[in-house]
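Input: a single structure, listed below in structure tokens.
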Amino acid sequence: GNLNKKKWLHMKNLIVGCGISGATMARLLADQGEQVVIIDSKNHIAGNIYDYYSDGICVHKYGTHIFHTSNKDVWDFISRFCQWYPYQHRVRGLIDGQIVPIPFNLNSLHALFPASIANKIEQKLLDNFGMNVKVPILELRKKDDKDLQFLAQYIYEKIFLEYTLKQWGQTPDEIDPSVSGRVPVYISRDDRYFQDKYQGIPIGGYTVMIKNMLNHKNITVKLKTPFSKNMKYDRLFWTGSIDEFFDYRYGQLPYRSERFEFITFPYSRFQDVAVVNYPCNYDFTRIGEYKHFLNDQSDKTIVSYEYPEAFENGKNDRYYPIANDMNTELYHRYLSLAKDMPNVYFFGRLGDYKYYDMDKAVARCLELIKGIK
Ligand code: UDP
């Protein structure tokens, strides 16, 4: 919608950033009867979950996004704005020339090793941990059993080491353990990437879901509109990076970014699943094939090759905060500046400098709104 002059002069609630965090907060405020203006410097809504249709295929412009949560409140909230395609995410990886399930599980084990070895290791895993148990690779490496040592070293080298070097520029030992812990070894025959009760892709895509969220008489959306210090507001909701709000006075918070090479192929199928990882080969980390998410029917197929790179201000976009002691300390220095500003709220992956999944971003808003009159 258009903003008249009066609304620009003084806004009740100004939200900066129209991604899933900003849009969720806009809707929560609007539902409480608040007038909301939400701005974004980009020319589209939905932030990094933005998607669009091409050749009948819903393509995620900023890489594959799969909604999954065990939080019923989050699921119920999002479900007001979309219907779900019951997609269950499966990822495979090229390991020693075999396409095997990722996270590494018992099926991967049996695909990669002769039966005698696989059976022996499987028994060890079951004896030590039990069935359907998730073990972070850095934990598995600590076991002093020699067969488990062998397995852990194999998985560390073939699945984590080079992928993580590409993704983060550091080894799994150097980065925060929570990052490799997102993809634990799974002692199970369950090939899915997530085991959350609720999983799916919004029918029609994420952009439509966000559009529905913002479709409220109390919400005004302004695109191609960067934040300016001249804007007047009672309350400000900032989902950009917190260092930017404070003009980088202590220096920049580092992020990782991504470059996507999109290719359209003139045939209907590229790979068996939506995402295939290439830990040890090539310079990209993974290839996404988008038609899998909504079972889109098309004679063509669209895929993206994903190349991680450093975030550089003005050159590419922020994707991943980099969790380590130094960066966390820098983030907290910025956060302490925010203490004197009771009418400014920081949240979202960039505002909180946290590696949120989509559901965690929404959960953060559901909590935050409770403290706001
Ligand atoms: N990872 C890896 N090899 C894989 C998959 C994941 O080394 O085949 C590590 C890597 O460090 C990655 C992290 O686990 O950054 C988290 O993976 P996830 O798939 O959760 O990343 P996202 O989808 O959020 O980019």
Side-chain angles (χ1 to χ4, degrees), residues 63-64 66 88-126 134-138 140-141 143 145-173 175 179-194 258-293 301-308:
T64 57
I66 300 91
Q88 301 272 319
H89 195 39
R90 285 181 172 79
V91 174
R92 298 206 178 126
L94 180 71
I95 314 295
D96 284 345
Q98 309 296 314
I99 296 281
V100 306
I102 305 278
F104 189 97
N105 64 19
L106 295 177
N107 292 332
S108 322
L109 177 70
H110 286 275
L112 286 163
F113 291 97
S116 58
I117 296 175
N119 288 336
K120 185 173 163 202
I121 293 177
E122 173 170 4
Q123 201 53 54
K124 281 264 169 82
L125 286 169
L126 292 173
K134 294 179 178 176
V135 188
I137 182 59
L138 300 181
L140 189 61
R141 272 179 116 206
K143 281 273 165 188
D145 177 275
K146 82 172 191 338
D147 294 318
L148 295 182
Q149 271 287 326
F150 163 78
L151 179 71
Q153 195 55 26
Y154 179 88
I155 296 173
Y156 182 85
E157 278 172 17
K158 303 278 178 165
I159 293 179
F160 286 95
L161 183 56
E162 291 181 55
Y163 186 113
T164 301
L165 282 168
K166 284 189 264 190
Q167 179 71 30
W168 301 97
Q170 292 184 297
T171 68
D173 288 321
I175 62 171
V179 176
S180 59
R182 289 168 59 88
V183 189
V185 174
Y186 192 25
I187 303 163
S188 176
R189 293 280 181 171
D190 183 345
D191 272 352
R192 294 171 305 165
Y193 209 62
F194 309 112
E258 300 273 6
R259 180 170 62 81
F260 292 94
E261 235 170 72
F262 286 94
I263 306 178
T264 305
F265 288 109
Y267 43 82
S268 62
R269 178 55 52 94
F270 181 83
Q271 58 194 26
D272 286 344
V273 290
V275 174
V276 176
N277 289 1
Y278 292 86
C280 303
N281 293 89
Y282 309 108
D283 296 329
F284 49 84
T285 49
R286 53 190 173 186
I287 300 178
E289 183 178 31
Y290 291 91
K291 67 195 317 183
H292 292 276
F293 291 125
T301 191
I302 301 177
V303 304
S304 64
Y305 292 56
E306 187 169 339
Y307 295 88

Under the ring-ring contact (aromatic ring centres under 6.0 Å, His included) test, which residues partner [X], sequence neighbours left out?
{"X": "Y193", "value": "H89"}
{"X": "H110", "value": "none"}
{"X": "F260", "value": "none"}
{"X": "Y278", "value": "Y282, F284"}

For side-chain contact (heavy atoms from CB on, under 4.5 Å), just list the numbers for D147 and L151, CA-CA rounded to whole Å, side-chain angles, deciding distance to a tenth of an Å, and then say yes or no.
CA-CA 6 Å; D147 294 318; L151 179 71; over 6 Å; no
Applying side-chain hydrogen bond (donor to acceptor under 3.5 Å, both in side chains), run through Q149 and Q153 and close with a yes or a no.
CA-CA 6 Å; Q149 271 287 326; Q153 195 55 26; over 6 Å; no
With distance as the sole test, does T285 use its side chain to make a donor-acceptor pair with the main-chain N or O of Y163 at under 3.5 Å?
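Not a single qualifying donor-acceptor pair exists.
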Test item: E289 side-chain N/O and I302 main-chain N/O as donor-acceptor pair under 3.5 Å:
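No, because the side chain of E289 does not come within donor-acceptor range (under 3.5 Å) of the backbone of I302.
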Run the numbers on I102 and V183 for side-chain contact (heavy atoms from CB on, under 4.5 Å), then give the verdict.
CA-CA 8 Å; I102 305 278; V183 189; 4.2 Å; yes
From [X] [atom1] over to [Y] [atom2], what is the distance, rounded to the nearest 0.5 angstrom?
{"X": "K166", "Y": "R286", "atom1": "NZ", "atom2": "CZ", "result": "11.0 Å"}
{"X": "F104", "Y": "I155", "atom1": "CZ", "atom2": "CD1", "result": "4.0 Å"}
{"X": "E306", "Y": "F262", "atom1": "CD", "atom2": "CZ", "result": "9.0 Å"}
{"X": "L112", "Y": "I117", "atom1": "CG", "atom2": "CD1", "result": "11.5 Å"}
{"X": "F150", "Y": "K124", "atom1": "CZ", "atom2": "NZ", "result": "12.0 Å"}
{"X": "S188", "Y": "L125", "atom1": "OG", "atom2": "CG", "result": "11.5 Å"}

Does the side chain of [Y] come within less than 4.5 Å of [X]'s, by heavy atoms?
{"X": "Y156", "Y": "L140", "result": "no"}
{"X": "I95", "Y": "P279", "result": "yes"}
{"X": "P172", "Y": "L161", "result": "yes"}

Start with the C-alpha distance between L165 and T171, add both sets of side-chain angles, then the distance that settles side-chain contact (heavy atoms from CB on, under 4.5 Å), and finish with yes or no.
CA-CA 5 Å; L165 282 168; T171 68; 4.0 Å; yes
Just to verify, what does [X] make a side-chain hydrogen bond (donor to acceptor under 3.5 Å, both in side chains) with, not counting sequence neighbours?
{"X": "E261", "result": "R259"}
{"X": "N119", "result": "none"}
{"X": "Q123", "result": "D127"}
{"X": "Y305", "result": "none"}

Tell me every residue that passes side-chain contact (heavy atoms from CB on, under 4.5 Å) with Q88, counting only those two or more places apart in sequence or in another chain.
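Scan of Q88 (side-chain contact (heavy atoms from CB on, under 4.5 Å), adjacent residues dropped) gives R90, R192, Q199.
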Closest non-hydrogen atom pair between [X] and [Y], with its separation:
{"X": "V135", "Y": "I187", "value": "CG2-CD1, 3.8 Å"}
{"X": "P136", "Y": "P184", "value": "N-CB, 3.9 Å"}
{"X": "I137", "Y": "A152", "value": "CD1-O, 3.5 Å"}
{"X": "P101", "Y": "S108", "value": "O-OG, 2.8 Å"}
{"X": "L109", "Y": "E122", "value": "CD2-N, 3.8 Å"}
{"X": "K158", "Y": "D96", "value": "NZ-OD1, 2.8 Å"}

Show your reasoning for whether side-chain contact (heavy atoms from CB on, under 4.5 Å) applies to L138 and F160.
CA-CA 10 Å; L138 300 181; F160 286 95; over 6 Å; no
With K134, which residues qualify under salt bridge (charged side-chain N to carboxylate O under 4.0 Å, His left out), at least two apart?
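Salt bridge (charged side-chain N to carboxylate O under 4.0 Å, His left out) list for K134, sorted by chain: empty.
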Which residues pass the salt bridge (charged side-chain N to carboxylate O under 4.0 Å, His left out) test with K143, not counting sequence neighbours?
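Per chain and number, K143 pairs via salt bridge (charged side-chain N to carboxylate O under 4.0 Å, His left out) with no residue.
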Applying side-chain hydrogen bond (donor to acceptor under 3.5 Å, both in side chains) as the test, list every pair that has at least one member in residues 265-277; sequence neighbours left out.
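Sorted pair list comes back empty.
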